[in-house]
*Asks:* 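One structure coming up, written as structure tokens, with questions to follow.
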Amino acid sequence: MKGVSLAGVVAVGLTVAACGEETEPVVRQQPPSLTIGIKFDQPGMSVMGPDGVPRGFDADTATYIAGRLGVTPEHIVWKEARSDERERLLNSGEVDFVVASYSITAGRQQQVSFAGPYLVAGQDLLVRQSEREIERPEDLNGRTVCTAEGSSSADKIRKDFAARAALVTRDTYVQCVGDLLTGTVDAVSTDDVILAGYAAQHPGTLRVVGHRFTRERYGVGVRKGDIDKQARITRAIRMMIDDGSWRRAVDANISPSGHRTLPPPPVFNAPDKEIAPGDLTQLDPELVRITEAIAATFNAQDWEGFQQLVCPETARDIDDLVIQYTPQYDRTLGPEVRSAGFTKTITGITQTSPNSATYLAHESFSNIPEKYRHYFRDIDYTGTMVRRDGEWRLCSIAADFVEP
């Protein structure tokens, strides 16, 4: 890893002792360092401070990862990574990795590799507080929308929602927000978590519409093919989620804006995604029955029956995740999604002990309006089962989107 090496040394030179004999060279090891690409202008995510240190959720994530790689904060070099510069910075070696609201997409994966993901967001609109004619992306026909150079946000609007929208691109979102404040544009579009930070900076003047229409997984970008670095950063992200640092960073940086963050996503190359179907005859028959009942009640939308299969102490968290990851229940979407169908299928069960097990399920959707295809990507669920007093219950669940 560039910069993260304990092999860099400085030889001070040979000295001559009083007796005339040469001593051993004095070798000083340079502390490991990292150059990290990050946004400088996204409130709540990463804003460069007057001391040359960025602050926000992305900044905290990058600092945590660096710490797990053995680099202390004072040995991080921060480099601005604008949307249209991220791939170049990575592949030129100017940065070691990028943490900059960097959505994982199939196109970008052709140019760089991703660790993570570490956050899920969704595209939305920022408008003036007095604006009442723009509530959804469809309302942008004949209007002007601004986004940052290198972002696909505005193109998504014109392609799927408002073909007659006028597009304006600027170097940074700060410039887009400035245009919105002066009335030069009618809306700014990017991910909701970013827009919430700008709205919080201008209370009573700007507002987030609150109708997100995509789902975006933020990953840490690394140079294409650097599998070792990708794996090390992914392990660090998993640790950040598991030890509570992820939640503390959300509460400190994102929650004050009023934005409700989706639960942390499971990392895409986590080992638990490799659950084999297994030999069902070797599993506890009651485990198989309850796991199948979880899928059946889910598909029937029998939420009362579903709750009876869940551990009481985690029921609310599981309920929140199911609602957030089942788009039919997302009231921010248009009414045309209400007729969408979904099917959850158990694809693997692993019993790790007499009283614990893990299952993997796949959820697919049908009858989806074309413009919401990106939002309704298939979902993989990973559930943890616990056996108490002879009864199996679902005690935790995680969800992740399947890339097309």
Side-chain angles (χ1 to χ4, degrees), residues 64 68 115-118 120 217 219 227-228 230-247 262-299 302-303 305-326 342-364 378-403:
Y64 183 97
R68 288 293 180 180
Y118 64 91
V120 176
R217 297 187 307 166
I227 298 174
D228 178 66
Q230 179 190 42
R232 294 174 67 190
I233 293 175
T234 294
R235 284 195 295 270
I237 293 170
R238 192 179 304 123
M239 292 176 188
M240 183 178 181
I241 293 170
D242 291 345
D243 69 16
S245 298
W246 186 93
R247 174 51 57 187
L262 285 166
V267 294
F268 64 79
N269 57 351
D272 58 10
K273 302 285 281 195
E274 301 298 330
I275 297 174
D279 182 357
L280 297 184
T281 63
Q282 301 300 313
L283 300 173
D284 181 346
E286 185 65 7
L287 167 64
V288 176
R289 186 184 74 81
I290 294 298
T291 303
E292 291 176 344
I294 288 171
T297 54
F298 186 95
N299 291 332
D302 175 12
W303 304 122
F306 181 84
Q307 285 292 321
Q308 292 176 2
L309 307 174
V310 172
C311 295
E313 71 275 14
T314 56
R316 173 168 291 188
D317 290 340
I318 291 174
D319 188 53
D320 284 347
L321 185 139
V322 169
I323 289 174
Q324 290 185 69
Y325 278 77
T326 304
F342 59 86
T343 303
K344 183 175 182 179
T345 305
I346 302 298
T347 57
I349 304 173
T350 295
Q351 187 170 352
T352 53
S353 78
N355 297 313
S356 61
T358 303
Y359 75 79
L360 189 66
H362 183 83
E363 182 179 6
S364 57
D378 287 5
I379 298 173
D380 279 342
Y381 288 94
T382 303
T384 301
M385 304 290 291
V386 175
R387 184 173 180 266
R388 297 173 181 168
D389 300 323
E391 295 186 352
W392 287 98
R393 290 291 180 267
L394 173 63
C395 285
S396 70
I397 190 171
D400 197 16
F401 303 106
V402 180
E403 287 298 314

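Every value quoted in this text rests on a predicted model; they were computed, and no experiment measured them.
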*Asks:* Is it the case that the side chain of Thr314 and the backbone of Asp317 share a donor-acceptor pair, with hydrogens and angles ignored and the cut-off at 3.5 Å?
*Replies:*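 Flag not set: sc Thr314 to bb Asp317 has no pair under 3.5 Å.
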*Asks:* At their closest point, which heavy atom of Arg68 faces which heavy atom of Ala236, and how far apart are they?
*Replies:*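 Nearest pair, atom of Arg68 first, then Ala236: CB-CB, 3.7 Å.
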*Asks:* Working to the nearest 0.5 angstrom, can you tell me the gap between Leu283 CG and Ile349 CD1?
*Replies:*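 Nearest 0.5 Å value for the CG-CD1 distance: 6.0 Å.
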*Asks:* State, with a plain yes or no, whether a side-chain heavy atom of Tyr381 is found less than 4.5 Å away from one of Ile294.
*Replies:*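 No - every pair of side-chain heavy atoms lies 4.5 Å or more apart.
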*Asks:* Please determine whether a side-chain nitrogen of the Lys or Arg among Arg289 and Glu292 lies less than 4.0 Å from a carboxylate oxygen of the Asp or Glu.
*Replies:*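 Answer for the salt bridge query: no.
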*Asks:* What is the distance from atom CD1 of Ile233 to atom CG of Asp228, rounded to the nearest 0.5 Å?
*Replies:*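 That separation rounds to 9.5 Å.
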*Asks:* Check whether any side-chain heavy atom of Met240 sits under 4.5 Å from a side-chain heavy atom of Tyr118, and report yes or no.
*Replies:*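 Heavy-atom side-chain distance check fails, nothing below 4.5 Å.
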*Asks:* Taking atom OG of Ser364 and atom NZ of Lys344, what is their separation to the nearest 0.5 Å?
*Replies:*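 Going from the OG atom of Ser364 to the NZ atom of Lys344 covers 12.0 Å.
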*Asks:* Could you check whether any side-chain heavy atom of Asp284 comes within less than 4.5 Å of a side-chain heavy atom of Arg387, counting everything from C-beta outward?
*Replies:*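 Side chain of Asp284 against side chain of Arg387, heavy atoms only: contact under 4.5 Å found.
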*Asks:* For a quick test of reading the model, state the closest non-hydrogen atom pair linking Ile290 to Trp392 and the distance between them.
*Replies:*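 Looks like CG2-O, 3.6 Å.
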*Asks:* Determine whether a donor-acceptor pair (N or O, by modelled atom type, separation under 3.5 Å) exists between the side chain of Thr358 and the backbone of Thr350.
*Replies:*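 Such a contact is absent between Thr358 side chain and Thr350 backbone.
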*Asks:* Hey, is the main chain of Ala315 close enough, under 3.5 Å, to the side chain of Asp319 for a donor-acceptor pair?
*Replies:*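 Here the side-chain-to-backbone pair does not exist.
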*Asks:* Holding to ring pair (Phe, Tyr, Trp, His ring centres under 6.0 Å), I want the full list of residues that pass it with Phe342, two or more places apart in sequence or in another chain.
*Replies:*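 Phe298.
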*Asks:* Do His362 and Asp378 have side chains that get closer than 4.5 Å, going by heavy atoms?
*Replies:*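 Counting from C-beta outward, His362 and Asp378 do come under 4.5 Å.
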*Asks:* Considering only distance and modelled atom types, tabulate donor-acceptor pairs under 3.5 Å from the side chains of residues 305-313, sequence neighbours left out.
*Replies:*
| unit_1 | atom_1 | unit_2 | atom_2 | d |
| --- | --- | --- | --- | --- |
| Glu313 | OE1 | Arg388 | NH1 | 3.4 |
| Glu313 | OE2 | Arg388 | NH1 | 3.1 |
| Glu313 | OE2 | Arg388 | NH2 | 2.7 |

*Asks:* Check Met385 against Leu394 and note the closest heavy-atom contact, atom names and distance.
*Replies:*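 For Met385 versus Leu394, the nearest heavy atoms are SD-CA, 3.7 Å.
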*Asks:* Rounded to the nearest 0.5 Å, what separation is found between the OH atom of Tyr359 and the CD1 atom of Ile397?
*Replies:*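 Tyr359 atom OH to Ile397 atom CD1 measures 4.0 Å (nearest 0.5 Å).
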*Asks:* Can you give me the closest heavy-atom contact between Leu287 and Ala357, atom names plus distance?
*Replies:*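 That would be CD2-CB, 3.6 Å.
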*Asks:* Output all residues satisfying salt bridge (Lys or Arg N to Asp or Glu O under 4.0 Å) with Arg235, sequence neighbours left out; order by chain, then residue number.
*Replies:*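 By the salt bridge (Lys or Arg N to Asp or Glu O under 4.0 Å) rule, Arg235 matches no residue at all.
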*Asks:* What heavy-atom pair brings Ile318 and Cys395 nearest, and what distance separates the two atoms?
*Replies:*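 Taking every non-hydrogen atom into account, CD1-C, 3.9 Å.
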*Asks:* If every non-hydrogen atom of Ile237 is compared with every non-hydrogen atom of Gly116, which pair is closest and at what distance?
*Replies:*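 Nearest heavy atoms, Ile237 then Gly116: CD1-CA, 3.7 Å.
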